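Positions are given from 1, in the same order as the sequence printed here. The structure presented is a predicted model; accordingly, all values stated were derived computationally and were not measured.
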Amino acid sequence: MIAGLLVGTVPLAPAIILLRRWYPDHYLDAGRPLRVIGGIVPGQRSDKLAFCFGLGIHLLSSGGLGIAFTAVADRMAGRGLVRRGILGAGLGTAQWLVGYYGFLRWYYPAQVEADPPWVAALTHAGFGAAVAVLT
């Protein structure tokens, strides 16, 4: 379970690197995704505070989901790495669908329009697969 928490917090940096590489004009600021996440908390007065809230929210939710993905993978896929990877990728994609099209479309529609959805979908699938296989 602790491994799920640790592995669950790792994929944020590769996602930001991909976004900066493929969309350099749009992602000159590497902290933007975290400030957007932190903007969910009402009453933001500074970019630094939004960044801190965003980092905390992302680490807590990723760690919690990493623990949950590990438990589901243990029950449903056993120790087979391929089955665990496929199940984890499916769980990560489901997480993205719920968060991106469920929560964000309702709460913060400007973010849904700003980011390319395929990058977020692939990074969440990679997150789920990595957590399921590595734990």
Does V98 sit in a hydrophobic cluster with other residues, and if so which ones, taking ILVMFWY side chains as linked at heavy-atom separations under 4.5 Å, directly or through other members? none
Would you say the side-chain atoms of S62 pair up with the backbone N or O of L59, donor to acceptor, closer than 3.5 Å? no
Heavy-atom pair of closest approach, residues G66 and T70: O-OG1, 2.8 Å
Listing request: all side-chain hydrogen bond (donor to acceptor under 3.5 Å, both in side chains) pairs with a residue in residues 48-57, at least two apart in sequence or in separate chains. none
Quick check: do L65 and Q95 have side-chain heavy atoms less than 4.5 Å from each other? yes
So ring pair (Phe, Tyr, Trp, His ring centres under 6.0 Å) across residues 64-94, not counting sequence neighbours, yields F69-F127
Could you list the residues that satisfy side-chain contact (heavy atoms from CB on, under 4.5 Å) with I86, not counting sequence neighbours? V82
Sequence neighbours left out, what pairs pass salt bridge (Lys or Arg N to Asp or Glu O under 4.0 Å) with at least one residue falling in residues 80-93? D74-R84
What I'd like to find out is whether the side chain of F51 reaches to under 4.5 Å of the side chain of S46, using heavy atoms alone. no
Quick one: salt bridge (Lys or Arg N to Asp or Glu O under 4.0 Å) pairs with a partner in residues 61-70, sequence neighbours left out? none
With sequence neighbours excluded, residues passing side-chain contact (heavy atoms from CB on, under 4.5 Å) with L87: V72, A73, M76, A77, L91
List in chain and number order the residues that pass side-chain contact (heavy atoms from CB on, under 4.5 Å) with L81, two or more places apart in sequence or in another chain; answer none if no residue qualifies. V133
